[in-house]
Amino acid sequence: MISVRRRGSARLAAAALATGLAAVGTIAAAGPAAADDAPQNPGGVAATLGGITVGSGAVVHDRRKTGEVPAGLFEMKVDGGGTLQTYCIDILTNRVDGARYREVGWGESSLHANKDAGKIRWILQHSYPQVNDLAALAKDAGTGPLDANTAAAGTQVAIWRYSDGAQVDAKDPAAEKLADYLYKSAKDVEEPEASLTLTPPALSGKPGRKLGPVAVRTTASSVTITPSGDAVARGVKIVDKDGKPVAATGNGGEFYVDVPAGAPDGSMSLKATGAAKVPVGRVLIGDHTTTQTQILAGSSESAVSAGATANWTGKGAAPALSARKNCAKGGVDVTADNQGDAPFTYELAGKKHTVAPGKSETTLVKVGEDRAYRFTITGPGGLSRTFAGIMDCATSAATAAAAPAPGAAGPGPVPGVAGGGDGGDGGEGGGTADDGTKATLASRMSPASTGGGSGKATAVRADGDLAATGGSHTTPTIAGMAIALIVAGSGAVYLLRRERAAASGE
């Protein structure tokens, strides 16, 4: 919720050039990048971030100065219907109001290496809004009277202490007592299950066989399985293990893709949809956007979905391709499964890989924190899968601690991975700050008041001034700055070339 963008450069012209290029990448990634994602939905709920609905002020303590932030409960609108309530688990990263989010497990978020992740879920289960008897909560915590604003603020502060290791206090005395109570009382509990997943997300094989099974895990009472494309018209069916048609199933159910003998080489996608309450403690991250990570505190009955793909060939390789972010290893796991009768050879990150018939291979593509990635794998019969996203696996505080000293070399490009959403090969991803680190709390901050329920985040500029961020009014400003930076970058290139030309002519 607070940020400063740090930049360092030996020469003004070089700084202008680098900054201009970073701005181009960030804006491009926020546009059409989502359309380039793999045609398979990892599963769960997708939602759009709104503002803080209830809450009050808190104060973050840096080493020398302090800064005020709003602390409270956010509301999200779910694609397809439903609402979510969330708290922030990345206090120093700016939020992007109106950003799209998607549900993920802890292993694909900043909680992957957080030994206190279970305690955060305990806090969510034992405080507002899961506990809406505020008189009882106040009695247990010994806070004195609580209302929705102070309960939300105290809960958020307690969460930040575990999610970010932050030194943060609630401004309201009752909210501060609640935060202390929750923080000291928290116990370790298990990670929640996903609202909906399909495993595996990609299938392959030969005609005349049932491809699968695909296992369904969901909190919905039932999900509908819908195939797409013209494969159904050619006799491809969704069936159970006995070959009976399947149109819907529930948690623990399985289904197969039945491809008739003699069917021409082809592929299809399918989608599982339903309505479910998303379990408390599930994480929501920005979908192709670097924004504050959120954690689920409450859910209405909401639309959930997941997708899978199937590919079949009569002769030769029959690959199934899928990818998943692996925060623990700092990259993206790309899995190629070959159920054909010939080897499948493909290129990824500048290297050739060969998967024997009946075998599967998973390759880790390293991607730097806050870097965008995009890569495409092609196969026989026109098969093509593009995987894209942003590596967002750490809180801003953790990223700042691990960042190289000013002037040190940053992370280099990932071979075969295009960044910044520009679709090019081998580029570096945009994200937040142009040095590859997340926005961090400035050492010089001047405190400013914020409205408890306004939903406006705060930011810290390099000069120490607090500025509102996250509102729609910031978008034109950012765009204008980007255009100016692009122009500055172009001018820098011209000046540098002119200087070199002059030097060579002397």
Side-chain angles (χ1 to χ4, degrees), residues 1 44-45 47 49-50 52-56 58 70-76 78 82-91 95 101-134 136-138 140-141 143 146-166 168 170 174-195 219 276-285 292-302 304 395:
M1 302 182 80
V45 70
L49 182 65
I52 293 177
T53 56
V54 289
S56 61
L73 193 65
F74 290 86
E75 183 174 275
M76 287 187 172
V78 176
T83 58
L84 308 176
Q85 293 172 302
T86 62
Y87 287 108
C88 164
I89 54 172
D90 191 359
I91 189 173
R95 80 171 186 263
Y101 281 70
R102 63 182 180 88
E103 176 189 345
V104 298
W106 291 356
E108 296 182 66
S109 75
S110 59
L111 295 186
H112 77 279
N114 189 327
K115 62 181 178 59
D116 295 318
K119 293 181 179 180
I120 296 173
R121 191 185 183 204
W122 186 95
I123 292 172
L124 294 166
Q125 292 172 326
H126 292 82
S127 190
Y128 184 79
Q130 288 299 305
V131 176
N132 53 24
D133 185 344
L134 297 183
L137 181 61
D140 290 341
T143 62
L146 288 171
D147 59 19
N149 288 318
T150 51
T155 305
Q156 175 66 94
V157 167
I159 289 171
W160 276 332
R161 292 174 182 174
Y162 280 124
S163 65
D164 295 73
V168 56
E176 175 63 12
K177 288 181 180 179
L178 177 61
D180 289 342
Y181 164 76
L182 293 171
Y183 180 77
K184 294 174 182 177
S185 302
K187 297 176 178 60
D188 191 32
V189 294
E190 294 183 353
E191 178 180 357
E193 297 291 331
S195 62
T219 57
K277 287 190 174 181
V278 183
V280 169
R282 289 294 286 177
V283 173
L284 293 111
I285 63 172
Q292 268 178 10
T293 302
Q294 302 281 314
I295 193 164
L296 202 288
S299 169
S300 71
E301 196 82 357
S302 299
V304 294
T395 63

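Sequential numbering from 1 along the given sequence is applied to the chain's residues.
Shown here for Ala186 and Trp122, the closest heavy-atom pair between the two residues is CA-CE3, 3.4 Å. Of all heavy-atom pairs spanning Pro70 and Trp160, the tightest one is O-CH2, 3.6 Å. When all heavy atoms are compared, the tightest approach of Tyr87 to Gly72 is CD2-O, 3.4 Å. In plain terms, the two heavy atoms of Ala194 and Thr219 that are nearest each other are O-CG2, 3.9 Å. When all heavy atoms of Val157 and Ala71 are compared, the closest pair comes out as CG2-CB, 4.4 Å. Heavy-atom minimum distance, Ala152 versus Val54: CB-O, 3.7 Å.
Between Thr395 and Ile89 there is no side-chain heavy-atom pair separated by less than 4.5 Å. With contacts defined as side-chain heavy-atom distances shorter than 4.5 Å, the pair Tyr128/Leu73 qualifies. Side chains of Leu182 and Thr155 form a contact here, defined as non-hydrogen atoms less than 4.5 Å apart. Put simply, the side chain of Ser300 does not reach to within 4.5 Å of the side chain of Lys277, judged on heavy atoms. For the pair Tyr181/Lys177, no side-chain contact is recorded, criterion being any heavy-atom separation below 4.5 Å from C-beta on. Between Ser127 and Leu137, the closest side-chain pair of non-hydrogen atoms falls below 4.5 Å. By the 4.5 Å heavy-atom criterion applied to side chains, Gln85 and Met76 are not counted as neighbours.
One distance of note links CG of Asp116 with CG of Asp164; it measures 11.5 Å at 0.5 Å rounding. Atoms OH and CD, on Tyr101 and Gln292 in that order, are 6.0 Å from each other to the nearest 0.5 Å. For the atom pair Asn114 CG and Lys119 NZ, the distance stands at 10.0 Å (nearest 0.5 Å). Annotation: the span from Asp90 atom CG to Ile295 atom CD1 amounts to 12.0 Å, rounded to 0.5 Å. Distance OG1/Thr143 to CG/Asp180: 11.0 Å, rounded to 0.5 Å. A distance of 7.5 Å separates CD1 of Ile52 from CD of Gln156, quoted to the nearest 0.5 Å.
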Checklist entry - For Val78 and Val278, what are the C-alpha separation, side-chain angles and deciding distance, and is it a side chain to side chain contact (heavy atoms under 4.5 Å, CB included)? => result CA-CA 11 Å; Val78 176; Val278 183; over 6 Å; no
Item to check | Trace of the side chain to side chain contact (heavy atoms under 4.5 Å, CB included) decision for Leu178 with Thr150 | outcome: CA-CA 9 Å; Leu178 177 61; Thr150 51; over 6 Å; no
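The backbone N or O of Gly281 sits less than 3.5 Å from a side-chain atom of Trp106, completing a donor-acceptor pair. A side-chain donor-acceptor contact under 3.5 Å links Arg121 to the backbone of Glu190. When atom types are taken as modelled, the side chain of Ser163 and the backbone of Ile159 share a donor-acceptor pair closer than 3.5 angstrom. Although no hydrogens or angles enter the test, the distance criterion places a donor-acceptor pair under 3.5 Å between the side chain of Gln130 and the main chain of Ala297. Remark: side-chain polar atoms of Glu103 are paired, donor with acceptor, to backbone N or O of Val45 under 3.5 angstrom. Remark: side-chain polar atoms of His112 are paired, donor with acceptor, to backbone N or O of Ser109 under 3.5 angstrom.
For Glu193, the CD atom counts as loosely surrounded, since its 6.0 Å shell holds 12 or fewer non-hydrogen atoms of other residues, nucleotides or ligands.
The pair Glu176-Arg161 meets the salt-bridge criterion, with a side-chain N (NZ, NE, NH1 or NH2) lying under 4.0 Å from an Asp/Glu carboxylate O.
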